[in-house]
Amino acid sequence: MSLSRSLLLAGLDALPFAALASVATYVFARTVVHPSTVVGMLAGTVGVAVLLALGTISANRYRADGKSFYFTRAVVVEGLLSFP
């Protein structure tokens, strides 16, 4: 798999976590009375930061090991294994 494809897959895998971080930031920042433009910019900034951080970690793990690492799969598997 080429590096550009691994970066794309890493970014797509980190996308749900970035969206969740953006929504959580928006909801929690909205509880404090702020203008919606400030809250939107804050949520967007947090989402992009999470996307870049998780995508970078995933791409670096691919480069180091040569195997793909998917956050979504890891979270689902850990969640299923945590049931008694």
Side-chain angles (χ1 to χ4, degrees):
M1 185 183 322
S2 69
L3 184 60
S4 61
R5 184 170 176 200
S6 69
L7 289 174
L8 175 68
L9 292 176
L12 289 176
D13 185 51
L15 193 61
F17 297 103
L20 184 63
S22 293
V23 169
T25 302
Y26 183 81
V27 167
F28 288 122
R30 195 69 188 143
T31 58
V32 180
V33 181
H34 286 296
S36 61
T37 55
V38 173
V39 173
M41 287 190 311
L42 179 65
T45 303
V46 167
V48 168
V50 168
L51 179 67
L52 288 175
L54 293 180
T56 301
I57 291 168
S58 182
N60 285 341
R61 295 261 321 245
Y62 171 75
R63 252 192 286 166
D65 297 341
K67 295 184 291 187
S68 298
F69 176 76
Y70 298 109
F71 283 99
T72 306
R73 185 183 305 163
V75 167
V76 169
V77 167
E78 289 297 323
L80 290 175
L81 291 176
S82 68
F83 285 118

Closest contact, heavy atoms only, [X] versus [Y]:
| X | Y | result |
| --- | --- | --- |
| Ala43 | Ser22 | O-OG, 3.1 Å |
| Phe17 | Leu54 | CB-CD1, 3.5 Å |
| Ala29 | Leu42 | CB-CD2, 4.1 Å |

- Excluding Met41, membership of its hydrophobic cluster (Ile, Leu, Val, Met, Phe, Trp, Tyr; side-chain heavy atoms within less than 4.5 Å) reads none
- Item | Co-members of Leu20 in a cluster of I, L, V, M, F, W and Y side chains, linked at under 4.5 Å |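 Direct or chained contacts put Leu20 with none.
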- Message: Which residues pass the side-chain contact (heavy atoms from CB on, under 4.5 Å) test with Leu51, not counting sequence neighbours?
- Response: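 In terms of side-chain contact (heavy atoms from CB on, under 4.5 Å), with neighbours along the sequence ignored, Leu51 is linked to Ala14, Leu15, Ala18.
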- Item | ILVMFWY cluster, Val46 and Val39 together (side-chain gap under 4.5 Å) | no
